[in-house]
Amino acid sequence: MKKLIYILLAMYPLFFSSCEDYFEPEQTGLVEGDVFYKDLNNLRIGLNAVYNLMQSQQYQLSEIIFGEAMSDNSWNKQDVEINEMGQLVNFQFNTENTYILQRYQINYQGINKANQVIRSAPYVDYRANGTSEKEIREVLGQAKLLRALFYFNLVKTYGGVSIQPEDVDLGNMVVPRSSLDEVYAYIEKDLREAILILRRGRYQLTEAGQIGVGGALGLLMKVLVYEASPGVKLTSVDKEQKWQEAREIGEFFIEGKNLTYNQILKFDENYPNESWESLAKRLVLDPSATKETVFAGQDVVSIHQLDEFDKIFRLEGEFSPESLIEINHYDYSGSGVSTNESCPCGGSLINSLGGTSSTIAITPTSDLNNQFQNDPRKLFTITGRTLSEYYKQEETSPQIGWFNYGNGMIFVKYYIFRSEGSTNGRNYRVMRYPEALLLFAEALNETGDSRKAVDYVNKIRQRARKLLDPDNPNSQYISIPAANFQDVAYAPYDVTRDAILKEKRIEMAGEFDRWFEIARLGILSERMASVYKNAPVEQPSGKIRERGKYFRKGVNEIFPIPQEEISISNGVIEQNFGY
């Protein structure tokens, strides 16, 4: 049965009210009023407000648009339209583009809500009503992780942004932009602190939907890898050190190597102005915890694992052991409830009516399709006009009109089978364990261990090879001979790096991360040139695609700060170069 995100009975009326009325404040880059949650129940209400924002269509459509629709993985019906979406994907937008503004606003709204929880947690009386310090810590840890995720979204999109203080200063509501280095350091600090206080396990059954320590570890590895290989230059970050740190976290999370609290936090390096006692109080740590307390790797190494690839995006695969961060959706249709919880993934990636009414409809490029030669994951990632019998089992194949967009293919990870209900109840996967494995492989290769890196790439491929096993009922729909899908061979650094990056593109295709991946690799200009060169004519209109033609190297790697924010700040917030 579909699980609700953990909801206390006291919270139920909140979810049955309009989300816009309660959860969506007018403020964007400004913090909300200084309101403290006095008990655990109210603290959880505050945390659920943060999760609720991530359930919103505005947040998830922004991830689809900026993470996938802009990239070399996707064509869009909007490529040839003269509207704000068409202007965005064709790099002909201005600083007042609605989608650029909405992405900025929605992530700051998340930060503001998370700030309320974070500044309130140390003041909750853990002795009241049977509340434990552990419960407070877990709520605080989730708020810190989510705040880090929102800042990560912002810094990848706009470069250095304003770091909003947890404590409101009514006399100084406009905060200048911090540097790229400073924002990354802030994100890192949140995630390292979250690791110490999040649940050391997965939330399951009625608690599913909350994020445990695996989400913080995976996201920290990703942040470190972005710092180590930024497409936008960091001025004071030692890239070699960041690769080493990413490897260290990977060895802890994936291989079970012990770390002390000091090693996780980098306390001696990063907390020159805070005592251990102050930090322990702020994080509601156990009084016995010290800098040298050992966090056993065995406590995290078995939390997550690979699942069956053909099931992870089906209904039965929700909250699977490989899900690090997954946002829950519940189908309220038929209940008379007004809610914004419906997941936009189905409507944007695949739609039983052809997708003609979707806000954004993306289809795979032939370049992405070619990456899947002799790869059994293709059937469960993208498919073309002639749908496999696998997708016709319940007569749910889309109308042929859908395939007129782009190269005539569709993404199918969020394909909805009739027996699985509607798109309203489909969860949104933010990060999966295989991505953590591939980030670890990249860090291993960059720090001189190409052989072990290849071993982790092959872990992913060996999972994919199980799709070809005769005892897998879906193998009948895959025409690829098993002999044609081999492990990656041991090779020097550069060949191994290419293999890792190709594996990541295949494994994560259609999961809203490709644009930022090629941005951090510093190859946006060449990839956009390839997009323009290989753009198909739109059918049946015959319109010519020009996406990539107007990409400006050195400018469009990041997007402009919305003009509205600059105007409100009276110029305190400065615009990015080139805009």
Side-chain angles (χ1 to χ4, degrees), residues 1-7 15 19 51-65 67-69 74 203-206 208-211 215 307-335 337-355 357-364 377 379-383 387 390-391 393-398 402 410-432 435 474 508-513:
M1 178 180 292
K2 178 74 178 180
K3 305 176 188 69
L4 283 169
I5 193 170
Y6 74 105
I7 302 177
F15 280 105
C19 294
Y51 277 114
N52 183 270
L53 180 138
M54 292 191 70
Q55 290 172 322
S56 71
Q57 291 204 33
Q58 183 179 345
Y59 178 85
Q60 292 180 21
L61 279 172
S62 177
E63 291 298 286
I64 293 171
I65 291 167
E68 201 73 47
S74 307
Y203 290 91
Q204 301 180 63
L205 302 176
T206 57
Q210 300 180 77
I211 306 170
D307 205 347
E308 297 173 75
F309 190 85
D310 51 342
K311 294 181 179 178
I312 51 178
F313 278 88
R314 296 292 300 270
L315 191 62
E316 64 184 297
E318 294 190 338
F319 301 123
S320 120
E322 78 170 53
S323 184
L324 301 184
I325 304 175
E326 181 171 334
I327 302 304
N328 186 61
H329 287 273
Y330 183 75
D331 187 358
Y332 283 106
S333 59
S335 66
V337 174
S338 174
T339 177
N340 69 348
E341 269 205 11
S342 63
C343 176
C345 301
S348 296
L349 297 169
I350 183 167
N351 188 304
S352 61
L353 298 178
S357 62
S358 298
T359 302
I360 172 73
I362 65 174
T363 67
R377 286 169 289 188
L379 176 65
F380 311 99
T381 306
I382 58 178
T383 190
L387 282 170
Y390 175 72
Y391 290 99
Q393 293 178 67
E394 302 178 50
E395 299 181 351
T396 55
S397 18
W402 174 262
I410 52 176
F411 287 99
V412 289
K413 280 183 174 174
Y414 282 92
Y415 188 92
I416 308 300
F417 286 83
R418 184 168 298 172
S419 62
E420 296 179 321
S422 71
T423 59
N424 293 342
R426 187 55 58 93
N427 286 355
Y428 163 47
R429 279 77 163 177
V430 179
M431 190 172 190
R432 297 188 290 116
E435 183 177 4
N474 291 322
M508 309 304 296
E511 297 184 44
F512 326 140
D513 197 52

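In plain terms, the two heavy atoms of Thr381 and Arg377 that are nearest each other are OG1-O, 2.8 Å. Pairing each heavy atom of Leu315 with each of Arg426, the nearest pair is N-NH2, 4.2 Å. Nearest heavy atoms, Met54 versus Val430: CE-CG2, 4.3 Å. For Glu420 against Tyr415, the heavy-atom pair with the smallest separation is OE1-O, 4.0 Å. Annotation for Ile211 and Tyr51: closest pair N-OH, 3.2 Å, computed over non-hydrogen atoms. Looking at every heavy atom in both residues, Leu379 comes nearest to Tyr391 through O-OH, 2.5 Å.
Aromatic ring orientation, Phe380 versus Phe309: perpendicular (interplanar angle above 60°, classes split at 30° and 60°). Relative ring orientation between Tyr414 and Phe512 is described as parallel, the plane-to-plane angle staying below 30° on a 0-90° scale split at 30° and 60°.
The closest side-chain heavy-atom distance from Arg432 to Met508 is below 4.5 Å. Using a 4.5 Å heavy-atom cutoff, the side chains of Tyr428 and Tyr59 are in contact. You'll find the side chain of Glu326 reaches within 4.5 Å of the side chain of Phe319, heavy atoms only. Proximity of Phe313 to Val412: side-chain heavy atoms (C-beta onward) are nowhere separated by under 4.5 Å.
A donor-acceptor pair is defined here as one N or O able to donate and one able to accept, closer than 3.5 Å; no such pair exists between the side chain of Lys413 and the backbone of Ile312. Within the 3.5 Å criterion, the main-chain N or O of Asn328 finds a donor-acceptor partner in the side chain of Gln55. Of the possible polar contacts, one joining the Ser56 side chain to the Leu53 backbone as a donor-acceptor pair under 3.5 Å is found.
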Test side-chain contact (heavy atoms from CB on, under 4.5 Å) applied to Leu324 and Glu435, step by step: CA-CA 10 Å; Leu324 301 184; Glu435 183 177 4; over 6 Å; no

Glu318 and Arg429: CA distance, side-chain angles, deciding distance, side-chain contact (heavy atoms from CB on, under 4.5 Å) verdict: CA-CA 9 Å; Glu318 294 190 338; Arg429 279 77 163 177; 3.5 Å; yes

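Of the inter-residue distances, the one linking Phe411 atom CZ with Thr363 atom OG1 reads 7.0 Å to the nearest 0.5 angstrom.
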